[in-house]
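First the proteins, then the strands, lettered A, B, ... as listed; each starts at 1.
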Amino acid sequence: MIILIVVFLGLALACISVMRHFFIQLTAIKLLFDCSILLLVSARGLESPDSSAQAVGWILGSIECLAFFIILSCGAKRFNGTSNLYLENLDD
Amino acid sequence: MRGAFGLGFIVFLTNVFVNLILVFNGAPLLGIFCLLQTILVFSVGVIWLIRQDDFSLHFHKTSTLIPLVIFLVGYYLILDNLGIKFYAIKENVEELGNLMLSRYQVALWFGAVLGMLGFVLAGGVMRRSQK
């Protein structure tokens, strides 16, 4: 199962770094966050406490919620009225 | 299905699968919380994609895939050598709440201040753009 999550992590990182499309990058960032949460919560050694990992997972999920609110707001503002989907040369 | 939407939909399905793993592995609240966010982000993204009407794929620096693969292989080997494995979760909301209020209280306050700062900054940007 760990290798499956690492593959999903790789898919997300590849989409973020290689693709230049805001929609794909947006969903890929979400996948990256969720894979990180799943790894934090589920993948651990036997000695590690369970509740601490879950608390960090919830904190990361809440930060993710705030981050996506800001990213979606910035995206709506930045790409509004333009036909250019690139993250640079938006003023052209 | 055209390029950008197809790839985005595949990433979305993968994301839903990851969220369902969380739900059925013993953390239903955290999984549903993430699943709702996933649906929201994908819906907003699709609305934005339809409005922009650009479904073509734009590639950028495909050579970054090589260090990425090396990084992921190294990451997996580190997890494997540390003996970290996949375990079922036992979600205990009461214990989680007590732990977060006792141990992570400073972090929660810090997060609240950061959140407020984000809203103040966003408000400042919106006000400046109206001039």
Ranking A:Leu4, A:Val56, A:Ile3 by heavy-atom pairs under 4.5 Å to chain B gives rank one to A:Ile3
Please flag which part of B:Val46 lies under 4.5 Å from any non-hydrogen atom of chain A: side chain, backbone, both or neither.
-> both
Same cluster or not: are B:Val93 and A:Leu40 linked, directly or through other Ile, Leu, Val, Met, Phe, Trp or Tyr residues, by side-chain heavy atoms under 4.5 angstrom apart?
-> yes
B:Gly8, B:Gly118, B:Gly115: which one forms the most heavy-atom pairs within less than 4.5 Å of chain A?
-> B:Gly8
Please name the pair of heavy atoms, one in B:Thr14 and one in A:Leu11, separated by the smallest distance, quoted to 0.1 Å.
-> OG1-CD2, 4.0 Å
Is there side-chain contact between B:Leu7 and A:His21, with at least one heavy-atom pair below 4.5 Å?
-> no
Would B:Ile84 end up clustered with A:Met1 when hydrophobic side chains under 4.5 Å apart are linked, directly or stepwise?
-> yes
Chain B shares the most heavy-atom pairs under 4.5 Å, among A:Cys35, A:Ala43, A:Ala12, A:Cys15, with A:Ala43
Chain A contact via B:Thr64 - which portion, at a heavy-atom distance below 4.5 Å | side chain
Nearest heavy-atom approach of B:Leu22 to A:Ile37 is CD1-CG2, 4.2 Å
At a heavy-atom separation under 4.5 Å, does B:Phe33 approach chain A through its side chain, its backbone, both, or neither?
-> side chain
Enter the distance from B:Leu40:CG to A:Lys30:NZ here, rounded to the nearest 0.5 Å.
-> 9.5 Å
Do B:Phe86 and A:Leu38 come within less than 4.5 Å of each other through their side chains, counting heavy atoms only?
-> yes
Does A:Phe69 have its ring centroid less than 6.0 Å away from the ring centroid of B:Phe119?
-> yes
Are B:Val16 and B:Phe5 co-members of a hydrophobic cluster defined by side-chain heavy atoms under 4.5 Å apart?
-> yes
A:Gln54 and B:Leu99, any side-chain heavy atoms less than 4.5 Å apart | no
At a heavy-atom separation under 4.5 Å, does B:Leu72 approach chain A through its side chain, its backbone, both, or neither?
-> both
Residue A:Leu32 versus chain B: region with a heavy atom under 4.5 Å = neither
Nearest heavy-atom neighbours spanning A:Ser42 and B:Ile89 | OG-CD1, 3.3 Å
Step through it carefully: locate the ring centre of B:Trp48, locate the ring centre of A:Phe23, and say whether they are under 6.0 Å apart.
-> no
Contact part of B:Asn25 toward chain A, heavy-atom cut-off under 4.5 Å: side chain, backbone, both or neither?
-> side chain
What part of B:Leu29 is in contact with chain A, defined as an atom under 4.5 angstrom from a non-hydrogen atom: side chain, backbone, both or neither?
-> both
Measure B:Lys61 against the heavy atoms of chain A and call it side chain, backbone, both or neither at under 4.5 Å.
-> backbone
State yes or no: do B:Met100 and B:Phe110 share one hydrophobic cluster built from I, L, V, M, F, W and Y residues joined by side-chain heavy-atom distances below 4.5 Å, directly or via other members?
-> no
Nearest atoms (heavy-atom pairs only) where B:Phe42 meets A:Thr27 | CD1-CG2, 3.9 Å
Taking the side chain as every heavy atom from C-beta outward, state whether A:Leu9 and B:Tyr75 have any pair of such atoms under 4.5 Å apart.
-> yes
Here the pair of heavy atoms bringing B:Asn15 nearest to A:Leu31 is ND2-N, 3.4 Å
Can you tell which of B:Val69, B:Ile21, B:Asn92 has the highest number of heavy-atom pairs within less than 4.5 Å of chain A?
-> B:Ile21
Greatest number of heavy atom pairs closer than 4.5 Å to chain A - which of B:Cys34, B:Gly26, B:Gly111 = B:Cys34
Should B:Val41 and B:Leu13 be regarded as members of a common hydrophobic cluster, given that ILVMFWY residues are connected when their side-chain heavy atoms come within less than 4.5 Å of each other, either directly or indirectly?
-> yes
Should B:Phe59 and A:Met19 count as side-chain neighbours, where that means a heavy-atom distance under 4.5 Å?
-> yes
Does the side chain to side chain contact (heavy atoms under 4.5 Å, CB included) test come out yes or no for A:Asp34 and B:Gln37, once each step is laid out?
-> CA-CA 10 Å; A:Asp34 284 354; B:Gln37 282 186 48; over 6 Å; no
Using a cut-off of under 4.5 Å for heavy-atom pairs, which of A:Ala28, A:Ala14, A:Cys65 has the most such pairs with chain B?
-> A:Cys65
Please state whether the side chain, the backbone, both or neither of B:Val18 comes within less than 4.5 Å of a heavy atom of chain A.
-> both
